[in-house]
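Below, each value reflects all heavy atoms present in this structure, side chains not excepted, and no hydrogens, waters or symmetry copies. Chain letters run A, B, ... following the sequence lines, proteins first, then strands; residues in each count from 1. These numbers come from a predicted model, not from an experiment.
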Amino acid sequence: MGVSASLDRAPPTPSYNAIVEDDEDEYKPEVKEEDEEEEQEYKPDVKEEDESEEELPLAARAQQKRKIKEEEEAEEDSDDDVPLTARKKPKKEVKQEKKSKKRRKEESEEEYDEEDYYEEKKKKKSSVSKSRTKVEAVTPEKKKKVKKEDEEGEVWKWWEEKKENDGRKWTFLEHKGPIFAPPYERLPSSVKFTYNGQEMKLSQDAEEIATFYARMIEHEYTTKEAFNTNFMKDWRKGMTEKERSIITDLSKCDFRKMHAYFVQKSEERKAMSKEEKKKIKEENDALTTEYGVCKIDGHNEKIGNFRIEPPGLFRGRGEHPKMGKLKRRIQAEDIVINCSKDSKIPQPPPGHKWKEVRHDNQVTWLASWTENVQGQIKYIMLNPSSKLKGEKDWQKYETARKLALSIDKIRQNYQADWKSKEMRIRQRAVALYFIDKLALRAGNEKDEDQADTVGCCSLRVEHIQLHEEKDGKPYVVVFDFLGKDSIRYYNEVPVEKRVFKNLQLFVENKKGTDDLFDRLNTQVLNKHLSELMEGLTAKVFRTYNASITLQQQLEELTDPNYSEAEMILAYNRANRAVAVLCNHQRSVPKSHDKSMGNLKEKIQTKKKQVKEAERGYKDAKKGGESKVMVDKKKTALDRLKAQLLKLEVQETDKEENKTIALGTSKLNYLDPRISVAWCKKYNVPLEKIYNKTQRAKFRWAIDMAGPDYVFVASKKKKKKEESDDDED
DNA sequence: CTTAGCACTTAGCACGACCAGA
DNA sequence: TCTGGTCGTGCTAAGTGCTAAG
């Protein structure tokens with residue numbers, strides 16, 4: 001099966017036969033008139049271009065360009081080379097409680113015409129791919145087995161089953177609905193709130209909202225103006241007429257008693273006896289067993305979040321304009337339930353009704369509600385260990401692997417586009433280059449009422465600096481912007497001259513607050529990408545580059561003779577390379593310095609011990625002690641040395657990990673089969689790499705990948721595929 | 001087309017359970 | 001047994017990207 005042999009256990013994505021050899025012309029790079037010589041640049045008639053005017057001093061060139069630009073602008077509306085923003089309409093009003101249309105297709109979906117077709121296909125396929133799971137092989141009584149298997153926590157090997165490709169996500173779904181936040185309990189009357197020094201008994205609603213704030217007064221959120229303003233506004237809405245007339249100034253509110261009360265409460269909780277804690281845990285487990293599991297297509301699967309978010313104050317990240325707003329309590333009346341028609345419909349709490357019960361098997365969620373702060377829909381969905389999530393995950397990595405097959409082409413393609421005469425194409429090409437090289441996020445447009453963060457397509461001029469030369473390197477672009485979650489991205493990147501010149505062009509005559517890529521947005525980019533490869537979007541590059549980096553790094557950093565500790569350090573380093581690439585950060589753990597100090601101390605002590613042991617050993621040897629004695633000392637010395645090494649490794653690891661979060665990439669970007677294969681190949685226990693949750697999530701990969709699995713075969717080795725069958 | 005709505009993935013942080021060393 | 005620290009887990013915000021509506 002040639003190239004796709006290593007992919008052939010990959011049902012999720014259709015049509016791998018489309019992928020052929022690297023150099024196959026799969027898509028038409030619409031590069032017009034490609035020029036052979038570097039400098040023999042295609043000359044756009046009106047537009048400026050970059051290289052061929054090399055000789056002109058920069059300033060002169062700039063002027064020239066500016067002039068052209070002006071002309072260009074003068075007749076802008078006639079061509080399609082118009083900044084996208086110019087077409088954009090002003091921001092829409094904030095829609096809080098939009099009535100959503102309920103016209104759904106779910107009623108009709110029971111009978112699909114294609115059904116038979118898929119049945120057919122399934123039958124044909126199943127003779128080949130039907131799994132030989134021990135469980136299933138023995139009994140044809142699948143149903144019975146299944147029940148047993150789930151009770152005992154055995155594995156549903158869905159990845160060995162044929163995947164349907166209609167949009168249907170399930171055929172049977174039954175669950176108990178969500179768990180609601182516990183009702184508000186009033187404060188004991190001994191806990192006083194004072195306003196302007198005056199004791200005040202608050203109404204229930206006002207008190208509840210006050211407690212949300214009181215819990216947070218130690219947090220730096222409460223020092224932010226936006227937080228306080230938003231809170232005050234929403235709090236006042238929850239007050240009675242009378243309260244509202246009195247409480248007008250947050251700074252006159254004294255929440256300290258309330259705060260102290262909660263601190264005390266939490267200490268009491270901590271101080272509970274073993275038995276009490278156990279009892280609570282058991283009650284909790286019981287709830288989890290009842291509500292945390294659903295029945296889907298003959299299997300029990302865990303639900304991810306079956307508890308409704310409790311009311312509280314919205315905590316946005318970064319400078320979120322809505323921070324401090326009240327997140328109101330969710331009732332059954334807010335909840336839409338999704339389940340099978342023929343399932344036991346979940347019961348709303350006594351005296352309540354669901355907002356709606358629907359039976360939409362085109363979606364994966366079990367329940368949803370609209371949150372009031374941002375007007376977004378929240379969902380209750382399955383746990384990552386579920387088939388529905390796992391299959392999607394698997395498919396994601398298969399798409400990334402597929403990208404590997406055409407990445408060379410795509411790179412050539414966008415490099416050629418750097419010279420395009422069309423501005424929008426150049427912008428697209430440079431943006432794509434960043435996405436590919438730097439693993440930037442796509443960068444969708446955002447509303448004003450969210451924190452000001454950007455991704456690639458939404459970069460603004462103020463987010464980059466261009467240096468003809470920096471620290472001895474030519475053509476350096478300095479990126480400095482806030483990305484997702486307001487995490488800062490700072491990077492100094494030497495780029496190709498062409499890219500640099502293009503950027504100078506994009507920046508020209510723009511204010512810092514103007515879009516860098518004014519003729520590009522994510523839809524345009526993704527449209528283009530989907531033409532290059534089926535299923536290709538901007539985010540695939542992140543997955544691809546993350547996974548391939550891990551594979552390469554592992555290859556590079558692993559020495560088969562390593563001890564287990566060294567193996568793990570090697571793995572973490574490879575993982576870290578990816579985390580750095582993807583800019584996955586974390587705040588330095590509070591205890592970092594301290595625990596680092598402890599570690600260092602330990603190392604010192606251990607060093608001393610090693611020295612002593614060394615001396616002891618030498619003395620024994622010289623002193624002509626018995627062979628047994630000498631050997632004993634030698635063993636002791638070796639053990640100490642090993643311990644020291646382990647500590648030192650730990651130290652390195654810890655220091656390097658200070659501000660880098662490994663978890664995110666491990667969970668979301670790294671094809672788990674790479675890690676599994678590596679573990680199997682070098683006999684590293686998988687538990688050292690993946691904890692229990694992670695192993696559950698990646699069960700499919702653990703089962704599937706053998707020691708020889710490769711994410712992508714290294715270049716020009718794609719012929720000998722048969723051996724890459726990762727069976728078992 | 002553009003835009004809004006929707007579904008789903010990706011993200012860092014807080015907190016509590018648990019564990020190793022004093 | 002206590003304590004300090006680490007780690008796992010839950011939580012929920014914040015992204016991406018597709019599609020239907022306007």
What's [X] touching, base or sugar-phosphate or nothing? Going by heavy atoms closer than 4.0 Å.
{"X": "A:Tyr669", "answer": "sugar-phosphate"}
{"X": "A:Lys169", "answer": "sugar-phosphate"}
{"X": "A:Lys281", "answer": "nothing"}

Sequence neighbours left out, what passes side-chain hydrogen bond (donor to acceptor under 3.5 Å, both in side chains) with [X]? Give chain and number order.
{"X": "A:Tyr571", "result": "A:Ser675"}
{"X": "A:Ser547", "result": "none"}
{"X": "A:Lys302", "result": "none"}

Check: [X] ring centre within less than 6.0 Å of [Y] ring centre:
{"X": "A:Phe231", "Y": "A:Phe212", "answer": "no"}
{"X": "A:Tyr489", "Y": "A:Phe481", "answer": "yes"}
{"X": "A:Phe314", "Y": "A:His320", "answer": "yes"}

Name the pairs: protein N/O against N/O of nucleotides 15-20 of chain C, kept only if under 3.5 Å.
residue : atom : partner  : partner atom : Å
C:dG15  : OP1  : A:Thr453 : OG1          : 2.8
C:dG15  : OP1  : A:Asp485 : N            : 3.0
C:dG15  : OP2  : A:Lys446 : NZ           : 2.6
C:dT16  : OP1  : A:Ala442 : N            : 3.3
C:dT16  : OP1  : A:Gly443 : N            : 2.7
C:dT16  : OP2  : A:Asn444 : N            : 3.0
C:dT16  : OP2  : A:Asn444 : ND2          : 3.3
C:dG17  : OP1  : A:Thr537 : OG1          : 2.8
C:dG17  : OP1  : A:Ala538 : N            : 3.2
C:dG17  : OP1  : A:Lys539 : N            : 2.7
C:dG17  : OP2  : A:Asn526 : ND2          : 3.1

Might you list the N or O atoms of the protein lying below 3.5 Å from N or O atoms in nucleotides 19-21 of chain B, with each pair's distance?
none

**Fill in**
Residue set satisfying ring-ring contact (aromatic ring centres under 6.0 Å, His included) with A:Tyr690, at least two apart, ordered chain then number -> A:Phe698
**Request:** For DNA chain C, find the residues of residues 214-224 of chain A with a heavy-atom distance under 4.0 Å and give them by number; none if there aren't any.
**Result:** none
**Request:** Pull out every residue in residues 303-310 of chain A that has a heavy atom closer than 4.0 Å to any atom of DNA chain C, ordered by number, or say none.
**Result:** A:Arg307, A:Glu309, A:Pro310
**Prompt:** In this structure, which one of A:Glu218, A:Gln264, A:Met216, A:Arg215 forms a side chain to side chain contact (heavy atoms under 4.5 Å, CB included) with A:His259?
**Reply:** A:Glu218
**Asked** Without hydrogens or angle criteria, can the side chains of A:Gln585 and A:Asn583 be said to hold a donor-acceptor pair below 3.5 Å?
**Response** yes
**Asked** Pairing of DNA chain C as dot-bracket, 5' to 3': ( ) intra-strand, [ ] crossing, | other strand, . unpaired, with Watson-Crick or G-U pairs under 3.5 Å?
**Response** ||||||||||||||||||||||
Does [X] place a side-chain N or O at less than 4.0 Å from the phosphate oxygens OP1/OP2 of [N]?
{"X": "A:Arg269", "N": "B:dG16", "answer": "yes"}
{"X": "A:Gln374", "N": "C:dA14", "answer": "yes"}
{"X": "A:His320", "N": "C:dA13", "answer": "no"}
{"X": "A:Ser368", "N": "B:dA7", "answer": "no"}

**Asked** Sequence neighbours excluded, which residues qualify as salt bridge (Lys or Arg N to Asp or Glu O under 4.0 Å) partners of A:Lys327?
**Response** A:Glu309
**Message:** Checking A:Lys176 now: which residues fulfil salt bridge (Lys or Arg N to Asp or Glu O under 4.0 Å) with it, not counting sequence neighbours?
**Reply:** A:Glu290
**Message:** Return whichever of A:Lys277 or A:Ile487 has its heavy-atom-nearest nucleotide of DNA chain B closer to the 5' end.
**Reply:** A:Ile487
**Item:** 5'-most by nearest nucleotide on DNA chain B - A:Asn583 or A:Lys389
**Value:** A:Lys389
Taking only N/O atoms, report every protein-nucleotides 6-8 of chain C pair under 3.5 Å with atom names and distance.
residue : atom : partner  : partner atom : Å
C:dT6   : OP1  : A:Ser595 : OG           : 2.8
C:dT6   : OP1  : A:Lys654 : NZ           : 2.5
C:dT6   : OP2  : A:Ser591 : OG           : 3.1

